[in-house]
Amino acid sequence: MSDFYQRVYEVVRLIPPGRVTSYGAIARYLGTGRSSRMVGWAMNLSHHQPEYVPAHRVVNRNGLLTGKIHFTPPSAMQELLENEGITVTDDQIVNFNQYFWNPMDEL
DNA sequence: ACGTTGACCTATA
DNA sequence: GTATAGGCCAACG
């Protein structure tokens with residue numbers, strides 16, 4: 001596995017419970033910059049990884065759960081977030097700015 | 001080998 | 001405020 005994916009999974013695992021981040025934030029932190037789609041691909045392959053990756057804490061820039069359909073079942077993502085104290089309405093995180101966790105600030 | 005797709009983002013109108 | 005366009009690059013058929 002290339003270093004890129006390895007670093008993506010590493011950062012995702014560092015997300016504190018009850019907090020969320022965005023693909024773009026991870027991409028910029030890793031230096032890939034505009035190629036934030038690769039982060040999405042990394043998440044798509046995350047379930048192959050031996051170590052568990054909390055992909056439900058990664059959403060798009062608007063705080064919308066665009067990737068929930070890749071979960072089994074799709075409602076699992078929303079339930080996991082609500083289980084951590086995050087309110088989700090219509091596949092969108094309420095007060096997203098409040099729960100947002102920026103890798104730049106912590107790392 | 002080539003065209004299309006995609007868990008995105010930024011910019012422009 | 002929404003709508004559309006372009007760019008990004010790996011994986012799939």
Side-chain angles (χ1 to χ4, degrees):
Chain A
M1 193 59 89
S2 63
D3 295 338
F4 173 75
Y5 294 105
Q6 198 65 35
R7 270 182 270 175
V8 171
Y9 300 140
E10 186 178 348
V11 173
V12 174
R13 287 195 206 99
L14 290 176
I15 301 175
R19 306 294 295 278
V20 292
T21 189
S22 67
Y23 305 94
I26 297 174
R28 274 188 288 177
Y29 172 73
L30 296 180
T32 53
R34 305 177 177 99
S35 308
S36 48
R37 290 189 157 184
M38 299 307 102
V39 179
W41 266 109
M43 291 301 105
N44 194 10
L45 304 176
S46 63
H47 61 77
H48 296 172
Q49 293 301 118
E51 295 283 336
Y52 173 71
V53 179
H56 60 278
R57 298 186 189 143
V58 184
V59 295
N60 70 341
R61 189 61 181 156
N62 296 319
L64 199 65
L65 308 187
T66 55
K68 63 174 276 184
I69 57 181
H70 291 270
F71 279 79
T72 52
S75 59
M77 186 174 187
Q78 180 170 341
E79 287 206 6
L80 286 169
L81 289 172
E82 288 180 344
N83 194 16
E84 294 184 352
I86 299 178
T87 307
V88 178
T89 304
D90 192 25
D91 297 344
Q92 188 175 272
I93 297 178
V94 181
N95 298 330
F96 173 67
N97 196 9
Q98 178 181 345
Y99 298 111
F100 184 77
W101 178 81
N102 195 329
M104 298 292 197
D105 298 339
E106 306 293 335
L107 308 176

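What you are looking at is a predicted structure, and each value in this text was computed from that prediction instead of being measured. Side chains included, hydrogens not; waters and symmetry mates left out as well; all remaining heavy atoms used.
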> Under a single-linkage definition using a 4.5 Å side-chain heavy-atom cutoff for Ile, Leu, Val, Met, Phe, Trp and Tyr, are Tyr5(A) and Val58(A) assigned to the same hydrophobic cluster?
Replying inline: yes

>> Keeping Asn102(A) on the side-chain end and Met104(A) on the backbone end, is there a donor-acceptor pair under 3.5 Å?
In response: yes

>> Measuring only between side-chain heavy atoms, which start at C-beta, is His47(A) closer than 4.5 Å to Thr72(A)?
In response: no

>> Testing the basics here: between Met77(A) and Phe71(A), what is the closest heavy-atom pair and its distance to 0.1 Å?
In response: SD-CE1, 3.6 Å

>> Nearest whole Å is fine: how far is dA7(B) P from Asp91(A) CG?
In response: 14 Å

>> Considering every strand and a 4.0 Å limit on heavy-atom distances, what is the contact class for Ala27(A): base, sugar-phosphate, or nothing?
In response: nothing

> Of all nucleotides in DNA chain C with an atom under 4.0 Å from a non-hydrogen atom of chain A, which is the first and which the last going 5' to 3'?
Replying inline: dG7(C) to dA11(C)

> Looking at CG of Asn60(A) and CD of Gln92(A), how far apart are the two atoms once the value is rounded to the nearest 0.5 Å?
Replying inline: 9.0 Å

>> Atom CZ of residue position Arg13(A) - does it have more than 12 heavy atoms of other residues, nucleotides or ligands inside 6.0 Å?
In response: yes

Mind listing the N/O atom pairs, protein and nucleotides 9-13 of chain B, below 3.5 Å?
{"from": "dC9(B)", "atom 1": "OP1", "to": "Gly24(A)", "atom 2": "N", "distance (Å)": "3.3"}
{"from": "dC9(B)", "atom 1": "OP1", "to": "Arg61(A)", "atom 2": "N", "distance (Å)": "3.2"}
{"from": "dC9(B)", "atom 1": "OP2", "to": "Arg61(A)", "atom 2": "N", "distance (Å)": "3.0"}

> Taking only residues two or more places apart in sequence or in another chain, which ones pass salt bridge (charged side-chain N to carboxylate O under 4.0 Å, His left out) with Arg57(A)?
Replying inline: Glu84(A)

> Mind checking the P distance from dT4(B) to dG6(C)? Whole angstroms is fine.
Replying inline: 15 Å

> Where do Val53(A) and Tyr9(A) come nearest, in terms of heavy atoms and distance?
Replying inline: CG2-CD2, 3.9 Å

